[in-house]
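Heads up: the structure comes next, in structure tokens.
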Amino acid sequence: MFVLAPIYKRAFAPLASYKDVRPLVVWAHIYKIMWRSISSKGYRDLYPQKLTDPPEFSNSPTMRIKESWQGASDNCDLCPLSCCAQINCPMLSKNGRCLSYGSLYFGYLFCGRYPSNQGQIDLYDCPKWEVGSNK
């Protein structure tokens, strides 16, 4: 397990230090999200992508940032309602930054694909995104 630690860190949390990577907590979180996807049709319908789809590292082009958003466009640090905070993501650092940003974990799971529809925005009551055309 120690031999593979650099590979796991690179795949799941490239921005984290080794002491921040907790593999058992990450795997428990992944199983929790998978169970929610299997057991809740409403949740599953909000995320039509499959795990076999290619990774995505940005939201849908039909989404735009609301004019009322006060934070930076490239993160959700100022938002206490951020989806990762609401689901207690183990990859969220104490300062509100995603430790897994840009990783395989981020791209293949829902993080890199959020938001892609109004239902996702409504689920998390997101104050940053709205449906509209990007200019």
Side-chain angles (χ1 to χ4, degrees):
M1 190 167 181
F2 290 110
V3 174
L4 298 176
I7 296 170
Y8 284 123
K9 183 182 171 310
R10 180 77 177 137
F12 288 99
L15 303 177
S17 66
Y18 280 101
K19 66 180 175 120
D20 293 332
V21 178
R22 301 174 315 230
L24 295 177
V25 175
V26 172
W27 282 110
H29 180 73
I30 290 171
Y31 284 121
K32 182 172 87 173
I33 296 298
M34 286 174 32
W35 176 251
R36 187 176 185 187
S37 299
I38 292 168
S39 64
S40 173
K41 183 175 178 355
Y43 186 77
R44 189 171 52 244
D45 289 344
L46 292 177
Y47 294 92
Q49 303 88 356
K50 300 177 191 89
L51 287 176
T52 56
D53 288 347
E56 292 182 27
F57 297 98
S58 62
N59 56 353
S60 169
T62 62
M63 297 293 139
R64 68 176 180 198
I65 297 174
K66 291 180 182 176
E67 289 184 26
S68 60
W69 177 248
Q70 298 296 314
S73 62
D74 63 343
N75 64 61
C76 296
D77 288 353
L78 294 178
C79 184
L81 294 174
S82 68
C83 51
C84 45
Q86 289 185 45
I87 63 170
N88 297 319
C89 181
M91 293 289 110
L92 188 64
S93 71
K94 289 178 176 65
N95 68 359
R97 288 290 172 123
C98 177
L99 298 174
S100 130
Y101 187 79
S103 69
L104 291 175
Y105 176 84
F106 185 88
Y108 274 103
L109 294 180
F110 301 138
C111 309
R113 304 171 195 273
Y114 179 84
S116 60
N117 59 53
Q118 184 64 46
Q120 293 173 358
I121 293 170
D122 294 343
L123 176 67
Y124 296 110
D125 195 22
C126 181
K128 179 179 180 180
W129 296 101
E130 65 184 354
V131 176
S133 61
N134 280 340
K135 296 179 182 176

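Count residues from 1 along the sequence.
- Atoms SG and OH, on C76 and Y124 in that order, are 12.5 Å from each other to the nearest 0.5 Å.
- With hydrogens and angles ignored, the 3.5 Å screen pairs no side-chain donor or acceptor of R64 with any backbone N or O of G132.
- Within the 4.5 Å cutoff, the side chain of M34 has heavy atoms near those of the Y31 side chain.
- Of the possible polar contacts, none joining the S100 side chain to the S103 backbone as a donor-acceptor pair under 3.5 Å is found.
- The CZ atom of R97 lies 11.0 Å from the CG atom of L92; values are rounded to the nearest 0.5 Å.
- Between the side chains of S116 and Q120, at least one donor N or O sits under 3.5 Å from an acceptor N or O.
- Remark: side-chain polar atoms of K128 are not paired, donor with acceptor, to backbone N or O of G71 under 3.5 angstrom.
- Looking only at side-chain heavy atoms (C-beta outward), C126 and P115 stay at 4.5 Å or farther from each other.
- Between the SG atom in C111 and the CD1 atom in I87 there is a gap of 6.5 Å [rounded to 0.5 Å].
- A distance of 6.0 Å or more separates the ring centres of Y114 and Y47.
- For the pair Y101 and N75, the minimum side-chain heavy-atom distance is 4.5 Å or more.
- Within 6.0 Å of OH on Y43 lie more than 12 heavy atoms contributed by other residues, nucleotides or ligands.
- A pairwise comparison of heavy atoms in Y108 and P54 identifies CE2-C, 4.3 Å as the closest pair.
- Connection of L99 to V25 is not established within any shared hydrophobic cluster, with ILVMFWY side chains joined at heavy-atom distances below 4.5 Å, either directly or through further cluster members.
- Distance check, rounded to the nearest 0.5 Å: CG of L24 to NE2 of H29 gives 14.5 Å.
- In this structure, D125 contributes its side chain and L81 its backbone to no donor-acceptor pair below 3.5 Å.
- Here the straight-line distance linking atom NZ of K32 with atom CH2 of W35 works out to 14.5 Å at 0.5 Å rounding.
- Between L123 and Q86, the shortest heavy-atom distance links the atoms O-OE1, 4.5 Å.
- E130 contributes no side-chain N or O that, together with a main-chain N or O of M63, makes up a donor-acceptor pair within less than 3.5 Å.
- Within the structure, salt bridge (charged side-chain N to carboxylate O under 4.0 Å, His left out) contacts touching residues 99-110 (residues at least two apart or in different chains) do not occur.
- Smallest separation of non-hydrogen atoms from I65 and W129: CG1-CZ3, 3.6 Å.
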